[in-house]
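Letters go in sequence order (proteins before strands), and every chain restarts at 1.
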Amino acid sequence: MQIKNTNATSMWRFKLSTKAMVLIPAAVGINYVAKAFAEGLKLPLWLGSLGTYLASMLAGPIPGAISGFINNVIYGLTLSPISTIYSITSIGIGIAVGILFYKGWFDSAKKVWLAGIIIALVSAIISTPLNVAFYGGQTGVVWGDALFAVLVSHSFPVWIASFIDEFVLDLLDKIVVGYLAYFIYKQLPKKLIYFFKD
Amino acid sequence: MSDSESSVVLRQNWAQNIDPVTKLLLVACVLLGSLLYKSLTYSLVVLGLSVFLVLAARIQAKALRLIEFSLFLIATIVLIQGLLYPFNRTVLLTVFHLRFYKEGLLYALMLSSRLLSIIFVTSFFIFTTTITENATYLEQIGVPYHTVYVLISVCYILPQINKNMRHIQVAQRARGVNPQSNIAEQVRAIIPILVPLITKTLMQSVERSTALQLRGFSNPNRQQTEKLTYYRAELAHRGLILLAALLGGWKIWMILSKLV
């Protein structure tokens with residue numbers, strides 16, 4: 001007779017434990033601060049998913065997805081109402097990071113950029129229909145929209161131009177955030193990592 | 001009429017007699033409703049209703065400040081769609097050799113109306129409710145208090161993170177990290193600030209978790225807080241959920257009927 005180890009950690013483990021309850025608001029706070037940093041330095045990036053990445057890496061895809069979702073909802077209900085609709089994208093990012101981390105894509109710096117490409121693809125696929133519905137295909141980032149304008153003026157269909165606009169921005173953002181999260185995760189005290197992993 | 005409705009305490013402003021969940025459901029309905037038709041007249045009607053709501057609640061000054069955040073985006077929509085909208089045919093005006101087309105400008109106006117109506121209806125929620133009221137009411141209508149804690153604690157944690165960030169910035173500046181020079185140095189200064197800030201934020205989360213456990217947060221016997229009463233809250237919830245389902249279903253039906 002086989003004995004099943006019910007204590008084995010599953011990627012999909014989730015119960016809104018006290019640990020997850022305190023990690024999620026912290027992740028949302030990190031998203032806010034990182035976004036403020038990018039805006040303050042006028043970087044062509046959002047960096048607003050750093051906390052979501054870290055929450056997914058520390059506690060799995062579900063807490064990551066919840067932090068992404070809550071981040072957009074709170075951001076939408078305080079500063080920029082339109083960002084609420086992108087909460088669906090944040091859920092996708094949280095799940096993608098959690099799965100990729102569990103599968104070992106964040107184990108070494110050589111793999112992180114590949115993980116960044118996959119996360120950027122997930123983000124662009126979810127965001128493009130929202131961009132088309134609300135912004136006529138634009139993303140709101142100047143140089144991305146300049147690319148969109150060039151593509152549309154060369155008779156590219158709006159959906160494809162919008163996807164390329166979003167994907168190019170996401171590609172840079174998600175790879176940079178991936179490396180930031182990888183670097184920060186490596187620097188975190190081990191007791192913190194084990195605390196949230198339980 | 002239920003007991004809670006018969007004992008409703010009327011507040012001075014009519015908007016405060018509407019519960020936070022009804023306001024959120026209203027945002028969802030306007031969001032779904034704004035997507036229903038790709039028509040300028042329809043979008044302007046939705047915008048008109050949202051503006052009316054804001055004016056009636058007397059929060060127009062605050063709502064206008066919220067719009068400032070999206071003005072740049074609206075300007076780029078007008079510029080790009082006015083110049084490059086694929087169905088552009090009729091030139092409306094020429095500015096510095098740039099031809100703005102009527103079709104593109106009308107499309108940009110429709111998109112802007114959609115965005116503005118969402119912003120206005122959201123500002124109705126933002127400026128007529130408080131964090132404490134939202135937390136108490138969510139728990140009152142049966143949302144698990146763990147979930148309410150997660151949602152509300154964000155609002156209290158953010159100022160703490162900002163305070164930590166200022167401390168770390170001062171400390172790093174004292175160590176020679178200067179974030180006030182050129183861009184390259186500013187980018188390089190991100191890491192020495194972000195790493196300690198994130199570590200500190202997570203460490204404080206660990207402390208918060210211990211404090212919550214010690215104070216018996218998971219204890220099912222919760223202390224009752226004062227019950228909030230609103231005008232016909234339950235009826236409004238049911239009506240708006242039904243409306244949101246109808247609007248969502250209608251839109252899906254329209255998409256599917258085009259595909260078949």
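In terms of heavy-atom pairs under 4.5 Å with chain A, the best-connected choice from B:Leu24, B:Leu66, B:Leu83 is B:Leu66. Most heavy-atom pairs under 4.5 Å with chain A, from the set B:Leu115, B:Val195, B:Leu151: that is B:Leu115. Interface remark: of the candidates B:Phe72, B:Phe127, B:Tyr85, B:Tyr149, B:Tyr149 forms the most heavy-atom pairs closer than 4.5 Å to chain A. Chain A forms the most heavy-atom pairs under 4.5 Å with one residue out of B:Thr201, B:Ile119, B:Leu194, B:Asn162, and that residue is B:Ile119.
Looking at B:Arg114, the atoms closer than 4.5 Å to chain A (heavy atoms on both sides) all sit in the side chain, from C-beta outward. Interface remark: B:Thr147 contributes backbone and side-chain atoms alike to the contact with chain A (heavy atom separation under 4.5 Å). Neither the backbone nor the side chain of B:Met110 comes within contact range of chain A; no heavy atoms are under 4.5 Å apart. Residue B:Leu197 touches chain A through its side chain alone, counting heavy-atom pairs closer than 4.5 Å. In this structure, chain B has heavy atoms under 4.5 Å from both the backbone and the side chain of A:Ile30. Contact of B:Leu79 with chain A is not made at all, since no heavy-atom distance falls under 4.5 Å. With a 4.5 angstrom heavy-atom cutoff, A:Leu77 touches chain B via backbone and side-chain atoms both.
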Would you check, one step at a time, whether the test side-chain contact (heavy atoms from CB on, under 4.5 Å) holds for A:Ser153 with B:Leu84?
CA-CA 6 Å; A:Ser153 65; B:Leu84 302 163; 3.4 Å; yes
Check against side-chain contact (heavy atoms from CB on, under 4.5 Å), B:Thr199 and A:Gln187:
CA-CA 8 Å; B:Thr199 309; A:Gln187 307 266 320; 5.8 Å; no
A:Thr18 vs B:Thr210, test: side-chain contact (heavy atoms from CB on, under 4.5 Å). Steps then yes/no.
CA-CA 8 Å; A:Thr18 318; B:Thr210 314; over 6 Å; no
Please walk me through it: do A:Phe148 and B:Ile80 pass side-chain contact (heavy atoms from CB on, under 4.5 Å)?
CA-CA 9 Å; A:Phe148 173 80; B:Ile80 293 185; 3.8 Å; yes
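Heavy atoms only, all atoms of each residue included: A:Gly136 and B:Tyr107 are closest at CA-OH, 3.8 Å. Closest non-hydrogen pair, A:Pro25 versus B:Ile157, comes out as CB-CD1, 3.4 Å. B:Ser205 and A:Val22 get closest at one heavy-atom pair: O-CG2, 3.2 Å. For B:Ile126 against A:Gly76, the heavy-atom pair with the smallest separation is CD1-O, 4.2 Å. When all heavy atoms of A:Gln138 and B:Ile77 are compared, the pair lying nearest together is OE1-CA, 3.2 Å.
The shortest distance between side-chain heavy atoms of B:Thr122 and A:Thr84 does not fall below 4.5 Å. Residues A:Leu58 and B:Leu202 meet the side-chain proximity criterion, which asks for heavy atoms closer than 4.5 Å. Residues B:Ile198 and A:Leu50 are in side-chain contact: their nearest non-hydrogen atoms beyond the backbone lie under 4.5 Å apart. For the pair A:Val28/B:Val150, no side-chain contact is recorded, criterion being any heavy-atom separation below 4.5 Å from C-beta on. The shortest distance between side-chain heavy atoms of A:Ile184 and B:Ile191 does not fall below 4.5 Å. Using a 4.5 Å cut-off on side-chain heavy atoms (C-beta onward), A:Tyr32 and B:Ile161 make no contact.
Of residues 176-183 of chain A, those residues with a non-hydrogen atom less than 4.5 Å from any non-hydrogen atom of chain B are, in numerical order, A:Leu180, A:Phe183. Contacts of residues 155-173 of chain A with chain B at a heavy-atom distance below 4.5 Å involve A:Val158, listed in sequence order.
Summarising the geometry, atom OG1 belonging to A:Thr139 is positioned 8.5 Å from atom CG belonging to B:Leu73; distances are rounded to the nearest 0.5 Å. Here the CD-NZ distance, from B:Gln213 to A:Lys19, works out to 7.0 Å after rounding to the nearest 0.5 Å. Here the OH atom belonging to A:Tyr135 is positioned 13.0 Å from the CD atom belonging to B:Gln81, to the nearest 0.5 angstrom. Taking CZ of A:Phe134 as the reference point, atom OG of B:Ser34 lies at 5.0 Å (rounded to 0.5 Å).
Other residues, nucleotides and ligands place no more than 12 heavy atoms under 6.0 Å from the NZ atom of B:Lys102. A 6.0 Å sphere centred on CH2 of B:Trp250 holds no more than 12 heavy atoms belonging to other residues, nucleotides or ligands.
With sequence neighbours excluded, no residue forms a ring-ring contact (aromatic ring centres under 6.0 Å, His included) with A:Phe69. For A:Tyr86, the side-chain hydrogen bond (donor to acceptor under 3.5 Å, both in side chains) partners are A:Asn131, not counting sequence neighbours.
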